[in-house]
Amino acid sequence: MTEQFEPAPTTAPAIPVLVVVDADRLARVTTESALVRRFQPDYRIVTADSPATGLAALEWLASEGEDVALIAADLQLPGMDGVAFLERAHELHWDASRVLLLAMDRYHTRIPFTELAALQQATALGRIDFWVVKGWVTPEEWLYPQVQDALTKWTINHGPHHVVYRIVGEQWAPRSHELRELLSRNGVPFAFYPVDSQQGQQLLREFSVAPTRLPALIRHDGSVLQDPSLADIASAHGIQVRPTTQIYDLAILGAGPAGLAAAVYGASEGVRTVVNEELAIGGQAGTSSLIRNYLGFPRGLSGAELAHQAWQQAVLFGAEFVFTHRAIRLTLTGDNHIITLNDGTEAAARAVIIATGVTYRRLDIPSLDRLIGTGVFYGAASVEAPALAGQEVYVIGGANSAGQAALHLARFTSRVGLLVRGQSLAVGMSDYLVRQLEETPNLDVRLGTRVVDGRGTSHLESLTVEDLRTGRQQEVAATAVFVLIGAEPHTDWLRDVIALDERGFVLTGRDIPQSAWPESRAPLPFETSVAGVFAAGDVRYGSVKRVAGAVGEGSVTVGSVHQYLQLLTSR
Ligand SMILES: Cc1cc2nc3c(=O)[nH]c(=O)nc-3n(C[C@H](O)[C@H](O)[C@H](O)COP(=O)(O)OP(=O)(O)OC[C@H]3O[C@@H](n4cnc5c(N)ncnc54)[C@H](O)[C@@H]3O)c2cc1C
């Protein structure tokens, strides 16, 4: 044990530990005292002066079952570099934030260029969560904001924190999954208690919940919703489910990145805007645990976080959001476009942006379709991953979203198999992800493989996989499979209204065939074959299928909407 490390007194309440490993005594003491000043007594600070003493301390903490929230290690440790140390540390405390400490170089920049190569590799391979350059004048500048951010996330995942709802239900029931997904993707804090757990049973008794109508949502004020519809939950939560006005300047369909960006730019520029979203803000991006390629976020950011910040921004600018119903019809009456929702409600708007994105392509294997939500998931890896600790899971798909899901799951589960039909990952996946997959020890990539069957009664138990070259089939144990095999645009309801390509993507601007464009003027950028109806993001033919692309298209389309509204008023 190290001279710095002292085991917690056995009578002390368990408090999370922050570990600092740095051989440079002055730097170590400076970091330690800054952390002590700001984070004690809520956290215990432990320091070590070498990799060996650091690992010994971490092993001891693991054996005692103590929570380690953050591990900071200097890049230049004697005998082992800080990145390798953090990797070893991660095996002992998989959910602690990993911080690389870097000496300041002579340029005094927030990325020391002398260590750039090490830093690039560590971030590209997901071996660290963030870095801090040492030598700051005040910790408020460079240390505290990043540490606080990491501790907030850690607390939300582990500690007691504010919850709006406590859900009691069957762990693997599709409705339990649906409610968890709805609340999680809309950023509503909740805790889930399986009905057969002691706490679940206690909650049923305490709030007189009928066990025949589960899942039940117990709100923070003690009111109970039994087996509620999504609209019931939205109404109980004060969320608008119907438009408040008859006529809007702009109706945006879909609140993924494209719809949210259009809402922010439309509302902030004085356009009376309504956004209609069927399920959750953020769209597909809301299911992505870490978006690393979005401009301005070198450490990456969660899709849900991006969506919630954008939603708040749009609401503050005056955009109205209508949730839980989907647009099912679009018709034209005079200068107004009428949008009909699936509850029959109608709203009129002078311009419309279709930002309905795409939906996942299905496997079409009946035995697996039956288990959707009970072990078979389409894209929701970030929601289910924490519940799969220690399990064997599979991801199907060969593109970036499949690679990211597999890496995220590998942080929680004992083993992840990535099943890919093609013979090479390079065809569909970014190079940095391919390298990260290769470096992840509990992840196997199986090329030239497809899933042909699955088994399980109440939830998934196994998959049958086939080697496409030999035709040999093998049954493998699996608690969950995440299917990410491409997507189809959500445009069935528009088929007779606007021009689509053969796969259902919306044609806009110059891609509209002349025969489908009735106006004497040329279509505006992002305008569809119906004047005043625009399309942005993944649903649009030719879009790049990236968050930044959707955000860019959503905001730029608002420029075309302005031009169209001017054309209307000058007629
Ligand atoms: C797991 C995963 C990881 C990803 N990671 C990255 C990444 O790291 N970097 C990156 O750049 N991109 C990433 N992507 C891709 C990126 O998320 C998408 O390109 C982006 O979300 C597209 O935005 P969008 O607004 O066009 O559509 P979507 O995000 O698909 O949003 C469309 C919205 O419309 C709603 N909707 C659909 N039909 C209707 C209707 N009729 N009425 C009302 N609402 C409707 C849907 O519920 C949805 O919320 C990832 C995607 C996934 C699935």
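Counting starts at 1 for both ligands and their atoms, in listed order.
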Is [Y] close to [X] at the side-chain level, that is, under 4.5 Å between some pair of heavy atoms?
X: V99; Y: D129; result: no
X: V551; Y: Y294; result: yes
X: V556; Y: P525; result: no
X: L407; Y: Q404; result: no
X: L183; Y: I233; result: yes

Please could you name the atoms of ligand 1 that [X] approaches to less than 4.0 Å, counting only its heavy atoms?
X: A550; value: 22 (C), 23 (O), 26 (O)
X: A258; value: 25 (O), 26 (O)
X: A280; value: 49 (O)
X: R326; value: 40 (C), 42 (N)
X: G254; value: 33 (C), 34 (O), 35 (C), 44 (N)
X: A355; value: 32 (C), 33 (C), 34 (O)
X: N276; value: 42 (N), 43 (C), 44 (N)
X: V358; value: 30 (O)

| task | Report yes or no: does a heavy atom of I291 sit under 4.0 Å from some atom of ligand 1? | result |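 For ligand 1, residue contact (heavy atoms, under 4.0 Å) with I291 is present.
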
| field | Heavy-atom gap Y294 to ligand 1 smaller than 4.0 Å | value |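 No; Y294 lies far enough from ligand 1 that no heavy-atom distance drops under 4.0 Å.
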
| task | For the pair S555 (side chain) and G552 (backbone), establish whether a donor and an acceptor sit closer than 3.5 Å, ignoring hydrogens and angles. | result |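 Side chain of S555 to backbone of G552, a donor-acceptor pair under 3.5 Å: yes, one is there.
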
| said: One pair to check against salt bridge (Lys or Arg N to Asp or Glu O under 4.0 Å): D369 and R362. What are the steps and the verdict? | reply: CA-CA 8 Å; D369 282 351; R362 291 286 170 92; 5.0 Å; no

| request: Would you please classify the geometry between the F377 ring and the F482 ring as parallel, tilted or perpendicular, with 30° and 60° separating the classes? | output: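 Taking F377 first and then F482, their aromatic rings lie parallel (interplane angle under 30°).
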
| request: Describe, in one word, how the ring planes of F323 and F321 are oriented to each other, choosing from parallel (under 30°), tilted (30 to 60°) and perpendicular (over 60°). | output: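 Parallel.
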
| request: Could you check which of E277, R185, H490 puts a non-hydrogen atom nearest to atom 46 (C) of ligand 1? | output: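 That would be E277.
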
| request: Between K545, R540, R546, Q284, flag the one that comes closest to atom 51 (C) of ligand 1 by a heavy atom. | output: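 Among K545, R540, R546, Q284, the closest heavy atom to atom 51 (C) of ligand 1 belongs to Q284.
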
| Do you know which of V506, T557, I354, V561 makes side chain to side chain contact (heavy atoms under 4.5 Å, CB included) with F526? |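 Per the side chain to side chain contact (heavy atoms under 4.5 Å, CB included) rule, the option paired with F526 is T557, out of V506, T557, I354, V561.
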
Could you say whether the N/O atoms of [X] and ligand 1 ever approach to under 3.5 Å?
X: S401; value: no
X: A536; value: no
X: L253; value: no
X: A327; value: yes

| task | Measure E553 to ligand 1 on non-hydrogen atoms and call it side chain, backbone, both or neither using the 4.0 Å cut-off. | result |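 Answer for E553: neither.
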
| query | Step by step, would you call E178 with R175 a salt bridge (Lys or Arg N to Asp or Glu O under 4.0 Å)? | reply | CA-CA 5 Å; E178 185 185 31; R175 284 243 60 217; 3.0 Å; yes

